[in-house]
Colleague: 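First, the structure itself, so that you have it in front of you.
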2 protein chains.
Amino acid sequence: MRVTIEDVAKKAGVSKSTVSRVMNQNYHHITEEKRQKVFQAIRELDYRPNALAKGLKQMKTSTIGVILSNLQNPFWMKVLEGIEDLCQEEGYSLMIVNSRDNLAREEENVKGFLMRQLDGLIINPSLGQNPVFQSLEAYHVPYVFLNRKVQDIQADTIVVDNIKGVSLAVDHLVGLERRRIAVFLYPPEGISPRLERIEGYLKALRANRIEVREDWIKIVTNREDCRREMQVLLEAQERPNAILSTNNMLTLDILESLKESGYRVPEQIGVVGYDETEWSKHLDPPLTTIVQPAYEMGKAAVKRLIERIRAKEQKVQLAAETMELEPSLIVRRSCGGLGD
Amino acid sequence: MRVTIEDVAKKAGVSKSTVSRVMNQNYHHITEEKRQKVFQAIRELDYRPNALAKGLKQMKTSTIGVILSNLQNPFWMKVLEGIEDLCQEEGYSLMIVNSRDNLAREEENVKGFLMRQLDGLIINPSLGQNPVFQSLEAYHVPYVFLNRKVQDIQADTIVVDNIKGVSLAVDHLVGLERRRIAVFLYPPEGISPRLERIEGYLKALRANRIEVREDWIKIVTNREDCRREMQVLLEAQERPNAILSTNNMLTLDILESLKESGYRVPEQIGVVGYDETEWSKHLDPPLTTIVQPAYEMGKAAVKRLIERIRAKEQKVQLAAETMELEPSLIVRRSCGGLGD
DNA sequence: ATGAAAGCGCTAACAT
DNA sequence: ATGTTAGCGCTTTCAT
């Protein structure tokens with residue numbers, strides 16, 4: 001059988017409560033002698049308290065659930081690192097799941113977390129609207145949304161300023177006399193960062209007095225699509241001299257499509273990527289990217305979530321907040337102009 | 001308050017047991033009428049059973065814990081995908097943690113999982129020996145090791161044939177008349193894949209009647225180190241004409257060091273990487289890599305783990321097994337010879 | 001076919 | 001300072 005608190009109590013010759021108190025540092029005036037006995041028994045039996053029983057009794061699990069929409073994307077791994085670091089510091093364990101941008105999976109994940117009585121949730125929502133999010137409110141579970149804003153739900157949300165990010169890139173390109181800028185993105189589908197990036201693109205062009213060309217806004221769903229659209233773009237009479245990518249996976253497809261078409265970067269066409277990764281500097285050519293503060297984003301989410309958990313414990317209301325972080329730009333060689 | 005089984009029972013006008021039976025499809029001859037009532041109550045109250053209570057009672061959680069040593073490495077994300085897919089199919093939830101190759105963190109993680117009464121563990125061990133692994137045996141928790149063999153512990157282990165992997169690479173290089181092969185690796189420190197890859201290197205050289213040069217075996221710990229060792233290598237009188245990397249992160253550092261030294265790949269020196277990634281084909285030049293079947297590895301681990309969980313339930317013994325998967329080679333341009 | 005009740009392992013209020 | 005006990009929410013045996 002498994003070792004329980006009862007076994008420890010017997011071995012130490014004390015009651016369960018005493019063991020419990022020792023375990024939880026409630027040294028409610030416990031004699032040093034008994035304390036030592038308990039410690040010894042715990043060690044000898046290699047006792048580990050049953051977290052289920054403890055959680056059931058205390059109505060809290062000291063565990064935070066994280067639902068990410070895409071674990072393959074290294075951006076999220078950086079975010080996760082921030083989450084992990086702060087959680088560890090604050091004494092929370094983590095339960096991480098991957099919704100893979102799939103509504104059904106996301107719903108499963110939320111339900112699973114709800115049943116497990118997690119203390120709080122950090123969610124990078126798959127798509128605009130998942131009905132299951134309503135349950136979050138009904139269940140009074142503290143939660144924070146990451147990166148994507150969810151319509152019709154008043155909730156804490158940590159985002160990065162996408163308008164600013166894109167404008168950083170556009171201004172950089174314009175500074176290099178590359179004013180003929182096409183943009184590639186995945187289908188917006190109501191997903192806030194995508195919408196905002198396209199909005200930022202339009203705004204930035206306008207600010208630079210560049211006319212918008214609808215046919216230079218390329219919405220693609222996969223590699224094939226990207227390749228096809230790239231061909232259309234490059235075979236047209238008027239060609240862009242720069243491409244703005246809005247996603248780091250998409251950037252790889254763009255680079256590949258360009259390479260296949262025999263286009264040289266940056267000589268014939270410049271490329272700006274979104275999200276800095278380990279390999280950005282190793283691409284051919286090294287990539288100029290818009291950097292989002294991923295690690296900080298993770299930390300910010302945990303910080304806010306813990307505030308919310310505490311507020312709930314103390315039964316105080318907290319208004320929903322949107323926290324916006326600042327992106328920046330790393331200039332490498334993919335847009336030329338750096339004397340190479 | 002939270003909705004409990006009692007609330008559902010009251011609302012449906014039945015006992016808790018009946019609700020429980022309906023929930024768990026133990027339709028132990030329950031009248032259709034009551035069943036419907038229960039379903040309705042569940043729906044109206046948006047009831048979700050408390051997993052802690054359920055787990056406590058049933059002594060199982062239907063949850064598998066995964067301890068990975070490095071979430072930053074995309075190789076592990078692929079493994080994770082395999083794990084996720086099979087777990088979902090088999091009705092298990094997942095709890096994923098990141099030990100970051102840190103013994104203390106790993107110990108915390110194992111203990112946490114033990115306390116949470118998870119049904120089984122999949123562990124990519126940080127280092128050769130973690131004393132906490134002894135607890136796994138003592139607690140009779142089913143577990144499987146991934147990728148790294150742990151000494152002195154008889155346990156199921158899923159690995160990839162590293163000797164074969166390296167020999168694939170060496171033979172490829174030799175076929176391209178690149179017989180002067182240096183190898184880079186992280187400090188072996190008793191970590192089996194590292195030891196095996198270096199062993200494979202020695203074996204493969206011998207098989208090709210190439211003399212081993214100790215000074216071409218470079219053990220590095222980080223980027224700086226890699227850069228320094230690369231300089232030593234390239235400034236020597238006799239220089240290698242190929243480099244074998246043994247890790248995908250290390251490959252990036254190698255490429256960077258080479259670039260800094262002004263060396264052209266593959267013209268002056270060929271490079272083979274370990275582990276295929278999204279970006280391998282986008283590197284400069286596109287990278288020839290040894291591919292490990294990551295997804296299959298994840299699936300294999302879960303498959304074996306579930307066998308073990310079942311065996312435990314039925315109280316049958318299972319002998320520890322080591323399952324070895326086969327690597328392969330993707331040839332691109334980083335070793336030249338492909339008519340470019 | 002269904003309900004009553006015990007009990008999983010723990011904590012915390014209450015008693016001493 | 002420490003022990004006794006009730007109870008967290010569920011499943012499951014045992015009655016009926």
Side-chain angles (χ1 to χ4, degrees), chain A residues 1-39 41-42 45-63 111-112 114-119 139 313, chain B residues 1-39 41-42 45-63 111-112 114-119 139 313:
Chain A
M1 248 331 275
R2 278 198 174 103
V3 180
T4 73
I5 198 171
E6 183 120 37
D7 301 320
V8 177
K10 276 206 189 107
K11 178 143 212 158
V14 299
S15 75
K16 294 191 295 175
S17 349
T18 302
V19 177
S20 172
R21 287 194 263 256
V22 170
M23 294 279 312
N24 298 287
Q25 348 249 62
N26 287 341
Y27 298 146
H28 212 47
H29 309 287
I30 290 177
T31 51
E32 185 59 24
E33 183 207 342
K34 298 216 169 188
R35 232 179 68 200
Q36 289 310 330
K37 277 195 176 161
V38 170
F39 277 135
I42 288 175
L45 297 171
D46 192 23
Y47 168 65
R48 307 201 196 293
N50 182 325
L52 300 180
K54 181 169 178 152
L56 180 59
K57 175 69 192 178
Q58 298 194 139
M59 307 275 234
K60 72 164 190 183
T61 51
S62 296
T63 304
K111 285 187 183 164
L114 250 24
M115 299 199 304
R116 282 193 169 72
Q117 319 297 117
L118 301 196
D119 294 348
Y139 269 67
E313 284 168 358
Chain B
M1 250 331 276
R2 279 198 172 102
V3 179
T4 72
I5 198 171
E6 182 120 36
D7 302 320
V8 178
K10 278 206 188 108
K11 178 143 212 160
V14 300
S15 73
K16 294 192 294 176
S17 345
T18 302
V19 177
S20 171
R21 287 194 263 257
V22 170
M23 294 281 310
N24 298 286
Q25 351 248 66
N26 288 339
Y27 298 147
H28 211 48
H29 309 288
I30 288 176
T31 50
E32 184 59 23
E33 184 207 343
K34 299 216 170 193
R35 234 179 66 199
Q36 288 310 330
K37 276 195 177 164
V38 170
F39 276 135
I42 288 175
L45 296 172
D46 192 23
Y47 168 65
R48 307 199 197 291
N50 182 323
L52 300 180
K54 179 168 180 154
L56 180 59
K57 177 68 191 176
Q58 298 193 139
M59 309 275 233
K60 72 165 189 177
T61 52
S62 297
T63 304
K111 285 186 183 165
L114 250 23
M115 299 199 305
R116 283 194 168 71
Q117 318 298 115
L118 301 196
D119 293 348
Y139 269 68
E313 284 169 358

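Values reported hereafter were calculated over all heavy atoms of this structure, with side chains retained and with hydrogens, waters and symmetry mates removed. From a predicted model like this one, the values you see are computed outputs, not experimental measurements.
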Colleague: If every non-hydrogen atom of B/Gln117 is compared with every non-hydrogen atom of B/Thr61, which pair is closest and at what distance?
Modeller: O-OG1, 3.1 Å
Colleague: Hey, what do you get for CG (A/Leu114) to CZ (B/Arg2), rounding to the nearest 0.5 Å?
Modeller: 8.0 Å
Colleague: Evaluate the criterion side-chain hydrogen bond (donor to acceptor under 3.5 Å, both in side chains) for residue pair B/Thr63 and B/Arg116; output intermediate values, then yes/no.
Modeller: CA-CA 9 Å; B/Thr63 304; B/Arg116 283 194 168 71; over 6 Å; no
Colleague: Whole Å only: how far is the CZ atom of A/Arg2 from the P atom of C/dG9?
Modeller: 9 Å
Colleague: Work out which heavy atom in B/Ser15 is nearest to a heavy atom in B/Ala9; give both atom names and the distance.
Modeller: C-CB, 3.8 Å
Colleague: Quick check on D/dT2: is either OP1 or OP2 less than 4.0 Å from any side-chain nitrogen or oxygen of A/Lys37?
Modeller: no
Colleague: Any chance you could list the contact pattern along nucleotides 10-16 of chain C? Use B for base contacts, S for sugar-phosphate-only contacts and - for none, protein heavy atoms under 4.0 Å, 5' to 3'.
Modeller: BBBB---
Colleague: What are the two closest non-hydrogen atoms of B/Val8 and B/Val3, and how far apart are they?
Modeller: CG2-CG1, 4.4 Å
Colleague: Can you give me the closest heavy-atom contact between B/Met23 and B/Ile42, atom names plus distance?
Modeller: SD-CD1, 3.3 Å
Colleague: Between the axis at one end of the helix from C/dA1-D/dT16 to C/dT16-D/dA1 and the axis at the other (five pairs apiece), what's the angle to 10 degrees?
Modeller: 40°
Colleague: Looking at A/Leu52 and B/Gly55, what are the two nearest heavy atoms and their distance?
Modeller: CD1-C, 3.6 Å
Colleague: Could you state the CG-P distance from A/Leu56 to D/dC10, rounded to the nearest angstrom?
Modeller: 9 Å
Colleague: OP1, OP2 of D/dC10 versus side-chain N and O of B/Lys60: anything below 4.0 Å?
Modeller: no
Colleague: Rounded off to whole Å, could you give me the CG-to-P distance for the B/Leu52 and D/dT11 pair?
Modeller: 12 Å
Colleague: Specify the separation, in whole Å, of atom CD of A/Gln117 and atom P of D/dG9.
Modeller: 8 Å
Colleague: To the nearest Å, give me how far apart CE (B/Met59) and C1' (C/dA6) are.
Modeller: 14 Å
Colleague: Carefully, step by step, assess B/Tyr47 and B/Asp7 under the rule side chain to side chain contact (heavy atoms under 4.5 Å, CB included).
Modeller: CA-CA 9 Å; B/Tyr47 168 65; B/Asp7 302 320; over 6 Å; no
